[in-house]
There are 4 protein chains.
Amino acid sequence: MANQLAGIPIAMLGCDEREVGLAAALIDLGTDLRLVGFPRGGLLKRALHFEDPKEAVKGAQAIIAPMSNTDAAGWITAGMGPRETAINLVEVIPVIPSETPFLIGVAKPIIRGLATQYGLVLVEMAEIDEIAVLNSIPTAEGAILVAMENTAITIHNARCLVMGLGRCGTTLAQFLLGLGAKVTVASRSSQDLARSVALNCEPLSLADLKSRTDFQIIFNTIPAMVLPRSYLRLLDSKTLIVDIASGLGGTDFEGARELGIMAIHALSLPGKVAPQTAADILIKTIPHLLEKMLGEEHHDYER
Amino acid sequence: MANQLAGIPIAMLGCDEREVGLAAALIDLGTDLRLVGFPRGGLLKRALHFEDPKEAVKGAQAIIAPMSNTDAAGWITAGMGPRETAINLVEVIPVIPSETPFLIGVAKPIIRGLATQYGLVLVEMAEIDEIAVLNSIPTAEGAILVAMENTAITIHNARCLVMGLGRCGTTLAQFLLGLGAKVTVASRSSQDLARSVALNCEPLSLADLKSRTDFQIIFNTIPAMVLPRSYLRLLDSKTLIVDIASGLGGTDFEGARELGIMAIHALSLPGKVAPQTAADILIKTIPHLLEKMLGEEHHDYER
Amino acid sequence: MANQLAGIPIAMLGCDEREVGLAAALIDLGTDLRLVGFPRGGLLKRALHFEDPKEAVKGAQAIIAPMSNTDAAGWITAGMGPRETAINLVEVIPVIPSETPFLIGVAKPIIRGLATQYGLVLVEMAEIDEIAVLNSIPTAEGAILVAMENTAITIHNARCLVMGLGRCGTTLAQFLLGLGAKVTVASRSSQDLARSVALNCEPLSLADLKSRTDFQIIFNTIPAMVLPRSYLRLLDSKTLIVDIASGLGGTDFEGARELGIMAIHALSLPGKVAPQTAADILIKTIPHLLEKMLGEEHHDYER
Amino acid sequence: MANQLAGIPIAMLGCDEREVGLAAALIDLGTDLRLVGFPRGGLLKRALHFEDPKEAVKGAQAIIAPMSNTDAAGWITAGMGPRETAINLVEVIPVIPSETPFLIGVAKPIIRGLATQYGLVLVEMAEIDEIAVLNSIPTAEGAILVAMENTAITIHNARCLVMGLGRCGTTLAQFLLGLGAKVTVASRSSQDLARSVALNCEPLSLADLKSRTDFQIIFNTIPAMVLPRSYLRLLDSKTLIVDIASGLGGTDFEGARELGIMAIHALSLPGKVAPQTAADILIKTIPHLLEKMLGEEHHDYER
């Protein structure tokens with residue numbers, strides 16, 4: 001099977017270990033890889049390294065920004081290479097030709113706006129179902145690691161609450177059960193509560209949350225204010241809250257602090273706790289995605 | 001909380017153990033219950049029993065036909081009461097007032113057509129997400145029971161293929177793993193394959209099915225011809241196929257027979273292997289559903 | 001590695017599918033195999049078949065009686081070959097030279113006495129730790145199969161009691177948990193109760209058994225009267241008892257019958273529910289055991 | 001049920017959080033508790049606090065030294081109270097009357113010798129079966145925590161080797177499987193290898209260890225040199241070794257260092273990673289043990 005990515009110019013802007021792994025894989029696939037903010041040793045010697053991102057993206061058929069590490073103002077702060085200024089996507093995006101695939105973990109509003117304005121094909125990698133489900137594995141392990149490090153009890157036999165039974169909640173509930181925890185799942189969805197029964201969890205309608213306050217560890221995956229002060233006030237102060245919901249999370253962190261409850265907002269866990277696994281997920285999915293996206297252009301290109 | 005179903009006239013037409021359980025629960029809730037084809041002893045003494053279904057549905061604010069046991073011609077064949085003629089829904093539906101909720105496990109095309117024609121509010125109970133997920137539990141156990149009864153090996157350590165990772169496939173994979181099977185999941189969906197990885201299964205793209213033929217037990221949940229003769233031919237004749245997909249299943253059963261492969265189409269498992277659990281699922285969900293559906297009318301009624 | 005069993009004369013007396021499997025494996029290993037009461041087709045054509053067990057054992061360096069199917073009077077009743085009289089070990093043992101290894105599943109007292117009297121090296125295969133642990137797998141599955149077939153509920157979410165946490169109890173508890181049951185373990189041993197906690201079961205001191213009567217399924221593995229009428233009387237009559245303890249079991253079966261409680265004494269499950277797996281266990285362990293036992297004689301023989 | 005420990009004088013020498021928890025429980029039971037090296041606040045105000053351990057043990061009917069934190073020379077170094085000199089058991093033991101129960105986690109040789117010499121009833125708490133099994137829970141979680149913190153991969157899907165299937169190995173294998181690891185168990189015992197099969201692990205005879213070198217994480221529980229340099233040399237340098245075997249462990253740590261393999265000797269995990277759970281284990285077991293040991297004397301006392 002011929003490798004459809006061979007010779008294709010691709011630019012990557014900024015990295016942590018995950019993008020370094022992906023870059024190595026793309027080099028192995030024979031892409032014409034252009035890197036900004038990457039280490040220059042090892043296998044990555046075989047790529048072109050740029051200082052100026054605007055130079056790097058010239059002629060690239062796809063642009064890959066990092067999974068994490070972009071801020072609200074559009075700066076990419078990730079980079080393992082020689083200390084240099086961060087990359088300002090606000091300046092870079094306008095020079096990318098329209099129709100170009102632009103991959104990024106999660107697009108902050110400013111990036112989404114610019115991508116639309118300049119006609120880029122925006123792909124939020126973290127939202128791709130396959131990647132999101134696979135990332136739920138290191139995310140769940142990371143959440144458990146945070147809980148282990150911040151409690152004086154074992155996960156085994158601990159009364160745990162998992163809020164939300166989406167991709168992360170499902171994997172997290174499964175792993176907690178695997179360690180012998182007593183797991184309750186809170187959700188608004190009667191279907192998800194039924195699934196939690198099948199999984200051997202105790203179902204708890206989110207509307208009835210206040211009826212149960214005896215949890216030792218609460219894991220939240222719902223990105224909405226589901227743990228307000230009015231509920232926190234009912235908890236034992238030794239309860240640990242591990243909130244892995246994106247954005248602002250679902251906890252009144254200020255309220256928790258005042259009540260003496262430890263509440264940790266743990267984000268970007270895959271890259272932190274299992275960067276190699278997280279890199280493997282990108283390596284397994286992104287080249288395939290690029291092949292599909294570049295398929296037609298590539299054929300044009302060869303003609 | 002006042003019970004909103006008290007005094008409400010409801011008709012139930014035909015039963016197996018599940019509907020008997022549901023009827024008892026509806027009596028406990030104080031409904032004005034009218035039964036056709038039910039046993040008349042025990043708690044069910046307190047309901048009105050009819051011979052003629054057209055009489056029974058008169059004035060009923062909701063009609064409940066069985067989860068299983070309706071045939072393609074619209075006859076309800078279930079019934080534990082004194083031997084009587086089966087109930088012909090083709091004759092009953094026209095006398096039901098339009099807008100009346102009409103609940104049935106799965107509606108055969110003829111029923112669906114009549115429900116539309118006469119303006120009934122058709123509810124297929126087996127398709128309600130909550131019920132479908134809960135039913136996946138006895139379904140999965142039933143599929144495993146069928147496999148245990150028809151193989152000379154243990155499920156433990158058996159190479160099992162689960163085709164499809166929907167509601168039943170997910171629960172089935174989980175239970176097989178719980179018994180120590182080696183589970184491969186075949187699916188068209190990359191998201192479902194990612195979930196199968198999280199679950200500790202081996203993922204297998206349905207497109208690559210022919211690359212793997214060493215399964216000892218194949219469980220199919222996909223209602224489409226996914227196990228054609230061209231694949232069956234590659235299997236060891238000792239392979240067991242347990243097909244729980246609805247309708248015609250996904251197996252070329254004729255081909256299997258000719259190849260000497262045992263293929264079992266196992267349908268309606270919850271009612272067969274765990275009728276009490278299956279009844280409990282209805283008891284837990286249907287009254288609540290009726291309350292929601294009848295809520296407004298009920299209020300009208302009380303005025 | 002040279003096969004140490006090649007050419008060694010071994011006699012097997014009586015069979016079910018397990019001994020047929022073992023015989024085939026011993027033929028593959030090149031033993032000089034003599035069979036009584038076996039089918040004569042397939043691979044077994046290559047063995048010598050005898051009508052008279054006393055002829056068969058002449059000169060044999062080891063004798064293998066069946067895993068199951070010997071009665072209290074010393075008769076082997078197993079046999080898949082042409083209808084013939086059962087084998088009377090009381091007549092056979094006296095003609096076996098002393099020091100000869102004599103393998104049998106479980107030796108009834110009469111067999112044990114004769115083996116001692118005639119100086120045989122008696123090996124009870126079912127008591128060999130490795131075999132006993134491996135057999136716990138089909139035994140546990142068989143016990144679950146019996147429970148599935150005799151209850152109207154799912155194992156999932158059922159309140160189960162496992163009495164005894166030995167080899168079978170441990171595997172059974174593990175499988176029940178894998179299917180989502182709520183498992184309590186009753187034991188006299190504080191160490192076993194601690195292990196049941198690690199396994200995610202509820203521990204219950206056997207001394208406190210009467211404090212808990214709300215089980216839906218009771219599995220007994222303790223070969224002593226642990227479920228006397230005084231306890232059975234406290235149970236709901238819908239409770240199912242599956243007793244897999246050897247000998248007389250641990251249940252007052254007569255009492256259960258009178259109280260209308262279904263109590264099933266399920267013995268020899270591996271050969272019944274998973275004969276191929278049970279055969280594989282013998283194939284994996286017995287040739288190795290014979291090699292060790294015959295090792296020295298074998299060397300003598302070669303000189 | 002009357003509390004048999006009420007009024008009984010008991011001395012505790014040195015503590016970490018576990019002994020603090022146990023002391024609180026003994027106070028609740030009404031013992032006449034004498035403490036050396038303990039914090040003096042909270043519930044512990046109600047005990048007598050001593051500076052001089054020789055004073056504290058006078059008249060005590062049982063002495064409790066810590067689970068951990070005694071050194072080879074017989075000094076107890078644990079203590080959360082005001083900074084003071086460590087306790088020298090070599091000086092304390094001679095003043096304890098013979099026949100007195102003397103409880104300590106693990107007795108170093110010097111302590112064992114003195115206990116024998118002065119006729120104490122030595123109880124090594126960590127060796128009590130019930131405690132050892134319960135402690136395997138926080139130990140296994142601790143080992144997993146160490147692995148999570150020191151690898152770039154997830155436990156899920158990691159190729160793990162567990163060496164030894166004793167109390168800790170069994171719990172560890174169970175938890176690793178619960179997180180989705182691929183677990184191989186290495187053991188000398190064919191019975192333990194059979195158990196590992198039942199548990200869904202891959203069995204590996206310790207004699208064949210060199211045949212398998214592709215592990216990503218190796219957990220050792222065998223207190224003997226089972227991971228010598230000759231084996232370490234065959235491993236990928238990214239392999240992580242977590243050795244939880246007591247004493248010197250089972251790894252050539254010097255060899256690992258030279259080969260660039262990270263090998264961590266993780267001891268006393270329960271007290272470190274889950275001190276509250278570890279305290280609960282003592283609270284659940286030690287008072288009961290003391291009741292049994294002091295039973296007769298107590299009865300004497302009451303007369």
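Convention: sequence-line order gives letters A, B, ...; per-chain numbering from 1. Bear in mind the structure is a predicted one, so any value in this text is a computation, not a measurement. Computed over heavy atoms, backbone and side chain alike; hydrogens, waters and symmetry mates excluded.
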Heavy atoms of other groups near B:K284 NZ, more than 12 under 6.0 Å: no
Between OG1 on residue C:T277 and NE2 on residue B:H156, distance to nearest 0.5 Å: 10.0 Å
Top contributor to chain C contacts, counting heavy-atom pairs under 4.5 Å, from B:V273, B:I155, B:T151, B:T171: B:I155
Selection from C:G178, C:A152, C:A274 maximising heavy-atom pairs under 4.5 Å formed with chain B: C:A152
Separation of C:I137 CD1 from B:I153 CD1 (nearest 0.5 Å): 12.5 Å
Nearest-0.5 Å distance that lies between atom OG1 in C:T154 and atom CG in B:L145: 12.0 Å
From CG (C:L177) to CG (B:L179), nearest 0.5 Å: 11.0 Å
Check: C:M148 main-chain N/O paired with B:E141 side-chain donor or acceptor under 3.5 Å: no
